[in-house]
There are 2 protein chains.
Amino acid sequence: MRETIGEDHPTCRLRDVLDRVGDKWSVLVMDLLGDGPKRYSELQRAIAGISQRMLTLTLRSLERDGLVERTVTPTSPPRVDYALTPVGRTLSSQIAGLIAWARQHRDYVAASRARYDAS
Amino acid sequence: MRETIGEDHPTCRLRDVLDRVGDKWSVLVMDLLGDGPKRYSELQRAIAGISQRMLTLTLRSLERDGLVERTVTPTSPPRVDYALTPVGRTLSSQIAGLIAWARQHRDYVAASRARYDAS
DNA sequence: CAGAATCCGGCCAGATACTG
DNA sequence: CAGTATCTGGCCGGATTCTG
């Protein structure tokens with residue numbers, strides 16, 4: 001018997017977790033961090049179009065979920081590194097699979113859309 | 001050399017595909033259809049809290065992307081079935097991995113959040 | 001450099017009503 | 001049953017400004 005997707009759970013609803021996973025910026029950040037720790041500014045440069053606000057919010061929520069660890073080096077100017085936690089790494093590899101899928105099928109999807117829109 | 005995540009592509013930007021993948025309702029629908037074809041009303045019942053509008057929009061865009069096939073049986077009342085396409089099945093299995101991850105780590109995430117919010 | 005705070009406009013999701 | 005059409009309010013995300 002499959003679990004109902006919208007079902008509640010004592011401590012944490014399944015969908016709450018999926019929402020995080022499904023968040024646009026989170027997916028991109030997790031993928032990048034899969035390559036190794038990155039500084040705040042590195043992430044900002046690597047992710048085209050993300051605003052400071054959204055990068056900060058995204059990193060905070062990932063940290064809150066125990067997927068990303070934040071390390072501050074109090075030099076001047078300050079340096080902040082972000083790295084995946086062990087659990088974060090397991091999610092990142094799932095996401096890597098998704099991104100690989102997107103890369104493999106982007107042309108198929110584009111063609112499908114073109115055909116659909118034409119009719 | 002890794003591809004820049006925000007980079008453009010001649011026919012279809014990678015992020016466009018990821019946005020679809022990352023869409024809350026799409027993920028749930030793709031997962032359900034992984035079990036086999038379903039009628040419109042079955043999907044609506046299985047996904048707690050989705051509105052008619054969002055279910056229809058989600059199914060339309062999945063169909064447009066070539067991930068879901070829509071079959072109308074013009075009886076009275078009409079019957080409409082939705083099934084994954086071959087490519088849709090490959091995505092659905094990726095998503096199944098994601099959902100399995102969420103299930104395995106929901107407690108960890110919940111605990112992390114609780115600890116973060118307490119401090 | 002790595003944010004925090006504030007303001008604001010657009011869009012999207014939900015609710016509602018109607019239909020072949 | 002399986003939609004379509006329309007309206008509306010909330011909230012999300014971008015832009016801007018300021019700081020240790």
Side-chain angles (χ1 to χ4, degrees), chain A residues 5-6 13 15-16 18-30 32-33 36-65 68-84 116-117 119, chain B residues 5-6 13 15-16 18-30 32-33 36-65 68-84 116-117 119:
Chain A
I5 285 209
R13 301 195 324 147
R15 197 180 286 171
D16 287 342
L18 284 177
D19 282 351
R20 177 109 317 282
V21 162
D23 178 67
K24 170 186 179 180
W25 299 122
S26 295
V27 168
L28 300 177
V29 167
M30 291 296 290
L32 278 172
L33 290 181
K38 299 255 177 307
R39 299 185 58 173
Y40 184 89
S41 49
E42 287 184 278
L43 291 171
Q44 190 165 24
R45 256 179 285 109
I47 304 177
I50 194 171
S51 64
Q52 273 193 353
R53 171 189 163 84
M54 288 319 293
L55 180 55
T56 299
L57 287 181
T58 300
L59 288 167
R60 285 288 179 278
S61 66
L62 290 174
E63 187 191 3
R64 181 169 105 102
D65 288 355
V68 158
E69 191 187 17
R70 179 169 177 269
T71 308
V72 181
T73 311
T75 56
S76 176
R79 173 195 178 99
V80 181
D81 286 274
Y82 291 92
L84 295 179
Y116 186 95
D117 293 343
S119 64
Chain B
I5 287 209
R13 302 196 324 148
R15 198 180 286 170
D16 287 342
L18 283 176
D19 283 351
R20 177 109 315 281
V21 162
D23 178 68
K24 172 187 179 179
W25 299 123
S26 295
V27 168
L28 301 177
V29 168
M30 291 298 289
L32 278 173
L33 290 181
K38 300 255 178 307
R39 300 185 57 172
Y40 183 90
S41 50
E42 287 184 277
L43 291 170
Q44 190 165 23
R45 257 179 285 109
I47 304 178
I50 196 171
S51 63
Q52 271 193 354
R53 169 190 163 84
M54 288 319 294
L55 180 55
T56 299
L57 288 180
T58 299
L59 288 168
R60 286 288 179 277
S61 65
L62 291 174
E63 188 191 3
R64 181 169 104 103
D65 288 354
V68 158
E69 191 186 16
R70 180 168 177 270
T71 308
V72 182
T73 310
T75 55
S76 176
R79 173 197 178 99
V80 181
D81 286 276
Y82 291 91
L84 295 179
Y116 186 95
D117 293 344
S119 63

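Here is the naming used below: chain letters follow the sequence lines, and residue numbers restart at 1 for every chain. As the structure is a computational prediction, the values presented were derived from the model and not from experiment.
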Seminar exercise, completed: So the contacted stretch of DNA chain D, first to last nucleotide with an atom under 4.0 Å from a non-hydrogen atom of chain A, runs from D:dG13 to D:dG20

For this session: Working to the nearest 0.5 Å, report the span between CH2 of B:W25 and OG of B:S61.
Result: 13.5 Å

Exercise. Can you tell me how far NZ of B:K38 sits from CG of B:L59, rounded to the nearest 0.5 angstrom?
Worked result: 12.5 Å

Exercise. Taking C-beta and beyond as the side chain, do A:L43 and A:Y40 meet within less than 4.5 Å on heavy atoms?
Worked result: no

For this session: Grab the CD-P distance between A:E63 and C:dA2 for me, whole Å please.
Result: 15 Å

For this session: Using heavy atoms and a sub-4.0 Å distance, could you list which residues of residues 69-76 of chain A are near DNA chain C? By number, please.
Result: A:R70

Problem set entry | Relative orientation of the end axes in the helix from C:dC1-D:dG20 to C:dG20-D:dC1, expressed as an angle to the nearest 10° (five pairs per end) | 60°

Problem set entry | Sub-4.5 Å side-chain heavy-atom contact between A:L28 and B:R15 | yes

Exercise. Does the side chain of B:Q52 come within less than 4.5 Å of B:L55's, by heavy atoms?
Worked result: no

Problem set entry | Under 4.0 angstrom between A:R39 side-chain N/O and C:dC1 OP1 or OP2 | no

Problem set entry | Worked check of side-chain contact (heavy atoms from CB on, under 4.5 Å) between A:L33 and A:L62 | CA-CA 12 Å; A:L33 290 181; A:L62 290 174; 5.7 Å; no

Give the table of side-chain donor-acceptor pairs shorter than 3.5 Å for residues 68-75 of chain B, with sequence neighbours excluded, one pair per line with atom names and distance.
residue : atom : partner : partner atom : Å
B:R70   : NE   : B:Y82   : OH           : 3.2
B:T75   : OG1  : B:P77   : O            : 2.8

Exercise. OG1/A:T56 to CD/A:Q44 distance, rounded to the nearest 0.5 angstrom?
Worked result: 8.0 Å

Exercise. What distance separates B:R39 CZ from B:R45 CZ, expressed to the nearest 0.5 Å?
Worked result: 8.5 Å

Problem set entry | Identified side chain to side chain contact (heavy atoms under 4.5 Å, CB included) counterpart of A:M30 within the set A:L84, A:D23, A:T58 | A:L84

For this session: Indicate for each nucleotide in nucleotides 13-20 of chain C, in 5' to 3' sequence, whether protein heavy atoms under 4.0 Å reach the base (B), only the sugar-phosphate (S), or nothing (-).
Result: BBB-B--B

Exercise. With A:R64, which residues qualify under side chain to side chain contact (heavy atoms under 4.5 Å, CB included), at least two apart?
Worked result: B:R113, B:Y116, B:D117

